Number of protein chains: 2
Amino acid sequence: MSRPAAPRRQRADATLNRARIVAAARTLFAERGSAVQLPEIARVAGVGIGTVYRHFPTHADLIEAAAEQRFAEIEDFARNECVLHAEPGQALARYLNHVGEVLTADRGLSAAIEAARESTGSEPRGETRARLETVIAELIERDRAAGALRDDCTVADVYLLVGAISATIGNRSGDWRRLLGIMLDGLYPRGTTSTAP
Amino acid sequence: MSRPAAPRRQRADATLNRARIVAAARTLFAERGSAVQLPEIARVAGVGIGTVYRHFPTHADLIEAAAEQRFAEIEDFARNECVLHAEPGQALARYLNHVGEVLTADRGLSAAIEAARESTGSEPRGETRARLETVIAELIERDRAAGALRDDCTVADVYLLVGAISATIGNRSGDWRRLLGIMLDGLYPRGTTSTAP
DNA sequence: ACCTGAACACCGTTCAAGT
DNA sequence: ACCTGAACACCGTTCAAGT
């Protein structure tokens, strides 16, 4: 799945172990947030603790790897649902709504998003992230062209809003849909935003 | 300062120690966030670790105690600056702006705010918090009466927005003023919001 | 009543030994 | 080249002994 043709050849068991670790991390993070103990992940994955550290030197690396597939899924949704099937001028609104739903379902994703914001600019890596950024820019362009979205909206703004939604979902209590509603009213001057399901 | 007339009499050294601990926690939390180690706080306060635990059984208790004065200061600002001297219809906007500035200056306050949201409803304690809530309701009432604020804005909304600002400030990178600007545009339909200093 | 800090428990991380 | 898990370091928390 991930890394179809890795630049450096790995031993077969190494690739397998890596996949097992990521799989275990994904389910555990999703269920109980990114604070799960590494020993537990190792146990579920069926490998030694040292192996986890060999593949993912820092905790953030593992979180990122576990989140990568979700990012890809989100990008997919953006390309298909938002760009193609969303009501005119409502592509970004639909996107933000979807991100909120994914964040609700996967408790570990918030940490990945926050971590991603910290490393912005320092390292150019993250091909998935780069592609996602392109789609977001496209959504903005479309809604702006439709005359619905405010003129000064940038990709950075979208990250800002996603971060806010993410934090609200993380801290329990406080419904993120209401927050998104207010923010969308700020983004779309015309007031045509209907978030109602 | 805090607890002018405590219900239960304490021994003199106990009260003194408590004050020392809170003072140490306040400066350390403000400088380096709420993740400072308890042993360090105890050392700076000049007391044993056990004493810290005696006064503040859980970490959240200490955070709350350290933040209480800030909450009182914020309430003061709301009563004086916002209610009295703010431009008509801009009381809440001024309030949110100020909260953001305080949060920027005191890195430990975010944790207190998040903790406060979690305990909402469970325990009625927090006289300071109750008074703050009253003022916020007043700010909302005023701006709404001036026809500037949207009709459905509640106190819970304000907590929601403060939480979002708090989280944005916490995760570095990503300017909270921009976020607040968008949210304010969502709150004030007329578009008269000038956050510019 | 209250303070103290050594002692305990726990978790993250490393690294020598093994395959 | 990679895996393993015992060993180390660290930090939060408790509690028996002291005042």
Side-chain angles (χ1 to χ4, degrees), chain A residues 2-3 5-29 31-66 107-108 111-112 114-115 118, chain B residues 2-3 5-29 31-66 107-108 111-112 114-115 118:
Chain A
S2 56
R3 327 239 154 174
R8 298 186 189 181
R9 268 299 192 113
Q10 279 188 132
R11 233 168 58 181
D13 55 344
T15 345
L16 184 64
N17 278 337
R18 198 198 125 95
R20 275 179 183 156
I21 294 168
V22 174
R26 220 152 43 200
T27 51
L28 289 176
F29 284 161
E31 285 171 5
R32 286 155 37 200
S34 55
V36 238
Q37 301 102 307
L38 288 198
E40 185 173 1
I41 294 178
R43 214 182 51 229
V44 172
V47 302
I49 320 164
T51 308
V52 177
Y53 278 94
R54 160 167 278 268
H55 287 284
F56 307 98
T58 161
H59 199 167
D61 289 328
L62 182 52
I63 290 176
E64 193 172 358
R107 290 195 53 194
E114 281 154 31
E118 302 223 359
Chain B
S2 56
R3 326 240 154 175
R8 296 186 190 180
R9 266 300 192 114
Q10 279 187 133
R11 234 169 58 181
D13 54 344
T15 344
L16 184 63
N17 278 338
R18 199 199 125 95
R20 275 178 182 158
I21 294 169
V22 173
R26 220 152 43 201
T27 52
L28 289 177
F29 284 161
E31 284 171 7
R32 288 155 36 199
S34 55
V36 238
Q37 303 102 307
L38 288 198
E40 184 172 1
I41 294 178
R43 215 183 51 231
V44 172
V47 302
I49 319 164
T51 309
V52 176
Y53 278 94
R54 159 167 279 267
H55 287 283
F56 307 98
T58 163
H59 199 166
D61 289 328
L62 182 52
I63 290 177
E64 192 172 358
R107 291 195 51 194
E114 281 155 31
E118 301 224 359

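Since we're looking at a predicted model, the values are computed, not measured.
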- Message: Heavy-atom nearest nucleotide on DNA chain C for Ile49(B) versus Arg11(B): which residue maps closer to 5'?
- Response: Arg11(B)

- Message: Is there a side-chain contact (heavy atoms from CB on, under 4.5 Å) between Phe56(A) and Glu64(A)? Walk through the geometry before answering.
- Response: CA-CA 10 Å; Phe56(A) 307 98; Glu64(A) 193 172 358; over 6 Å; no

- Message: I'd like to check the side chain to side chain donor-acceptor pair (under 3.5 Å) partners of Arg20(B); sequence neighbours left out, ordered by chain and number.
- Response: none

- Query: What residues, two or more places apart in sequence or in another chain, satisfy side chain to side chain donor-acceptor pair (under 3.5 Å) together with Arg32(B)?
  - Reply: Glu40(B)

- Task: Kindly compute the distance separating CZ (Arg18(B)) from CG (Asp13(B)), expressed to the nearest 0.5 Å.
- Result: 14.5 Å

- Message: I want to check something: taking the side chain as every heavy atom from C-beta on, are His55(B) and Gln10(B) in contact at a cut-off of under 4.5 Å?
- Response: yes

- Message: With side-chain contact (heavy atoms from CB on, under 4.5 Å) as the criterion, how do Ile41(A) and Leu62(A) come out once you've worked through the C-alpha distance, each side chain's angles and the decisive distance to 0.1 Å?
- Response: CA-CA 11 Å; Ile41(A) 294 178; Leu62(A) 182 52; 4.0 Å; yes

- Sequence neighbours excluded, which residues qualify as side-chain contact (heavy atoms from CB on, under 4.5 Å) partners of Tyr53(B)? Leu38(B), Ile49(B)

- Message: Show every salt bridge (charged side-chain N to carboxylate O under 4.0 Å, His left out) that has at least one partner inside residues 44-54 of chain A, sequence neighbours left out.
- Response: none

- Go through the steps to decide whether Arg11(B) and Thr15(B) satisfy the test side-chain contact (heavy atoms from CB on, under 4.5 Å), and finish with yes or no. CA-CA 7 Å; Arg11(B) 234 169 58 181; Thr15(B) 344; over 6 Å; no

- Message: Defining pairs by Watson-Crick or G-U wobble geometry with both distances under 3.5 Å, how would you list the stems of DNA chain C with at least three pairs each?
- Response: C:4-8 with D:12-16, C:12-16 with D:4-8

- Task: Under 4.0 Å from any atom of DNA chain C, heavy atoms only: list the residues of residues 32-40 of chain B that qualify, in numerical order.
- Result: none

- Message: For a 4.0 angstrom threshold against heavy atoms of chain B, report the outermost contacting nucleotides of DNA chain C in 5' to 3' order.
- Response: dA1(C) to dG5(C)

- Once you round to the nearest 0.5 Å, how far does CD of Gln37(B) lie from CG of Leu28(B)? 9.5 Å

